[in-house]
Protein chains: 2
Amino acid sequence: MRNVLDRIGDKWTMLVLMALAGEPRRFGVLLRMVPDISKRMLTQTLRLLERDGLVTRHVFATTPPSVEYRLSPLGLSALEPLHALAQWADANFATIRASRARYDDGLARTDP
Amino acid sequence: MRNVLDRIGDKWTMLVLMALAGEPRRFGVLLRMVPDISKRMLTQTLRLLERDGLVTRHVFATTPPSVEYRLSPLGLSALEPLHALAQWADANFATIRASRARYDDGLARTDP
DNA sequence: CGGTATCCCAGTTGATACTG
DNA sequence: CAGTATCAACTGGGATACCG
């Protein structure tokens with residue numbers, strides 16, 4: 001189970017999964033959708049998701065070639081708990097930011 | 001939001017949070033509960049959770065001193081989506097393992 | 001007991017360049 | 001377009017030692 005959570009919890013997986021929600025996307029589109037991800041990391045993340053069976057890869061023999069990635073049913077099912085988490089994060093973002101500011105301020109005032 | 005998700009998605013946070021579910025725990029207990037975590041990492045994780053307001057720290061002036069950590073209401077609320085995710089991981093662990101094996105086997109057979 | 005301070009290596013990532 | 005290859009830089013985190 002650690003293995004599964006580790007994959008989902010890595011820096012890019014969740015973002016990629018969410019970028020694939022709804023529609024299948026092409027490589028280049030994903031690259032533009034996920035902020036700051038590099039080709040290298042996008043490729044790696046997609047391969048790992050494919051390996052885990054969360055994403056499927058479809059190559060179209062056009063020129064230039066286009067490759068589409070889409071969520072498998074398993075990948076789709078993962079989106080539910082992931083959305084719940086994202087919603088939680090979104091709902092409590094401000095609170096957490098405030099808590100951080102208070103904490104950091106507390107350190108700053110007692111130390112210098 | 002990335003900042004929030006990054007914290008939750010790191011190697012230890014989720015494990016520590018879940019170890020704190022239900023009861024408050026002392027430092028040493030957490031150290032033993034979370035497999036393979038070091039003092040250094042446990043301390044760091046707890047500080048970050050405290051900073052984010054998910055965990056509160058309570059010092060008891062006994063000898064030797066004891067320190068208890070407990071989930072704040074915010075931390076408690078985080079547990080819900082986290083449990084949903086853990087349940088998903090648990091439910092699909094076998095499927096994913098199988099997918100990985102199939103994928104790795106496919107690579108192994110076509111390459112050597 | 002519950003930390004903090006250092007050191008340091010291994011693995012991850014970003015940049016860059018090249019290819020089918 | 002959709003990758004792969006290579007290499008340097010950065011960083012997480014383990015090991016270890018010491019402190020209140």
Side-chain angles (χ1 to χ4, degrees), chain A residues 2-3 5-16 19-20 23-52 55-70 103-104 106-108 110-112, chain B residues 2-3 5-17 19-20 23-52 55-70 103-104 106-107 110-112:
Chain A
R2 278 279 285 279
N3 300 303
L5 261 27
D6 278 4
R7 174 116 2 279
I8 280 166
D10 91 2
K11 194 175 176 186
W12 302 113
T13 300
M14 205 166 152
L15 284 314
V16 171
L20 287 171
E23 294 176 67
R25 309 278 189 187
R26 294 181 51 183
F27 186 87
V29 175
L30 289 171
L31 202 56
R32 274 169 256 125
M33 282 182 76
V34 181
D36 299 331
I37 198 170
S38 63
K39 279 202 293 193
R40 192 173 168 311
M41 280 302 104
L42 179 56
T43 302
Q44 186 177 114
T45 303
L46 287 168
R47 290 289 171 280
L48 289 171
L49 286 172
E50 204 192 341
R51 183 169 103 108
D52 284 2
V55 160
T56 56
R57 183 171 178 271
H58 307 270
V59 182
F60 300 98
T62 56
T63 48
S66 74
V67 180
E68 207 174 76
Y69 292 89
R70 65 179 65 198
Y103 187 95
D104 294 347
L107 291 185
T110 55
D111 185 17
Chain B
R2 279 278 286 280
N3 300 306
L5 261 27
D6 278 5
R7 176 116 2 280
I8 280 166
D10 91 3
K11 194 175 176 186
W12 302 114
T13 301
M14 204 165 153
L15 283 316
V16 171
L17 242 25
L20 287 171
E23 294 176 67
R25 309 277 188 187
R26 294 181 51 183
F27 187 87
V29 175
L30 288 171
L31 202 56
R32 274 168 256 125
M33 281 182 77
V34 180
D36 298 331
I37 199 170
S38 63
K39 278 202 293 192
R40 192 174 171 298
M41 281 302 102
L42 180 56
T43 302
Q44 187 178 114
T45 304
L46 287 168
R47 288 291 171 279
L48 290 172
L49 286 172
E50 204 192 342
R51 184 170 101 108
D52 284 1
V55 159
T56 55
R57 182 172 180 272
H58 307 268
V59 182
F60 299 99
T62 56
T63 48
S66 74
V67 180
E68 206 174 75
Y69 292 89
R70 63 179 67 197
Y103 186 95
D104 294 348
L107 291 185
T110 54
D111 184 17

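Per chain, numbering begins at 1; letters A, B, ... match sequence-line order. All values below come from the heavy atoms of this structure, side chains included, with hydrogens, waters and symmetry mates left out.
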Inset, instruction - Could you tell me whether the phosphate oxygens of D:dG14, OP1 or OP2, come under 4.0 Å of any side-chain nitrogen or oxygen in B:K11? - result: yes
Legend entry - 5′-ward residue of the pair B:S66/A:P65 relative to DNA chain C: B:S66
Return the set of residues passing side-chain hydrogen bond (donor to acceptor under 3.5 Å, both in side chains) with [X] (not counting sequence neighbours), or none when no residue passes.
X     : answer
A:R2  : none
A:T56 : A:H58
A:T43 : none

Inset, instruction - Can you pull out how bent the helix from C:dC1-D:dG20 to C:dG20-D:dC1 is, comparing the axes over its first five and last five pairs, to 10°? - result: 50°
Legend entry - Residues which pass side chain to side chain contact (heavy atoms under 4.5 Å, CB included) with B:T62, listed by chain and number, not counting sequence neighbours: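 For B:T62, the residues satisfying side chain to side chain contact (heavy atoms under 4.5 Å, CB included) (neighbours in sequence not counted) are B:F60, B:S66.
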Legend entry - Euclidean distance, A:R51 CZ relative to A:L49 CG, rounded to 0.5 Å: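 Here the rounded value is 11.0 Å.
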Inset, instruction - With rounding to the nearest 0.5 Å, note down the distance linking OH in B:Y69 to CG in B:L42. - result: 7.0 Å
Legend entry - Rounded distance (Å) that lies between atom C1' of D:dG13 and atom CG of B:L15: 15 Å
Legend entry - Range on DNA chain C touched by chain A, heavy atoms, distance below 4.0 Å: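 Terminal contacting nucleotides, 5' to 3': C:dT13 to C:dG20.
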Legend entry - Positions of residues 26-48 of chain B (non-hydrogen atom under 4.0 Å from DNA chain D), listed by number: B:S38, B:R40, B:M41
Inset, instruction - May I have all residue pairs that pass side-chain hydrogen bond (donor to acceptor under 3.5 Å, both in side chains) and include part of residues 5-15 of chain A, sequence neighbours excluded? - result: A:R7-A:D52, A:D10-A:T13
Considering only distance and modelled atom types, tabulate donor-acceptor pairs under 3.5 Å from the side chains of residues 23-36 of chain A, sequence neighbours left out.
residue, atom, partner, partner atom, Å
A:R25, NE, A:A19, O, 3.1

Inset, instruction - Could you check whether A:Y69 gets within reach of a base, just the sugar-phosphate, or nothing at all, counting any heavy atom under 4.0 Å? - result: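 A:Y69: backbone/sugar contact only, no base atoms under 4.0 Å.
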Legend entry - Partners meeting salt bridge (Lys or Arg N to Asp or Glu O under 4.0 Å) with A:R70 (sequence neighbours left out):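 A:E68.
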Inset, instruction - Would you indicate whether the side-chain heavy atoms of A:I37 and A:L15 approach each other to under 4.5 Å? - result: no
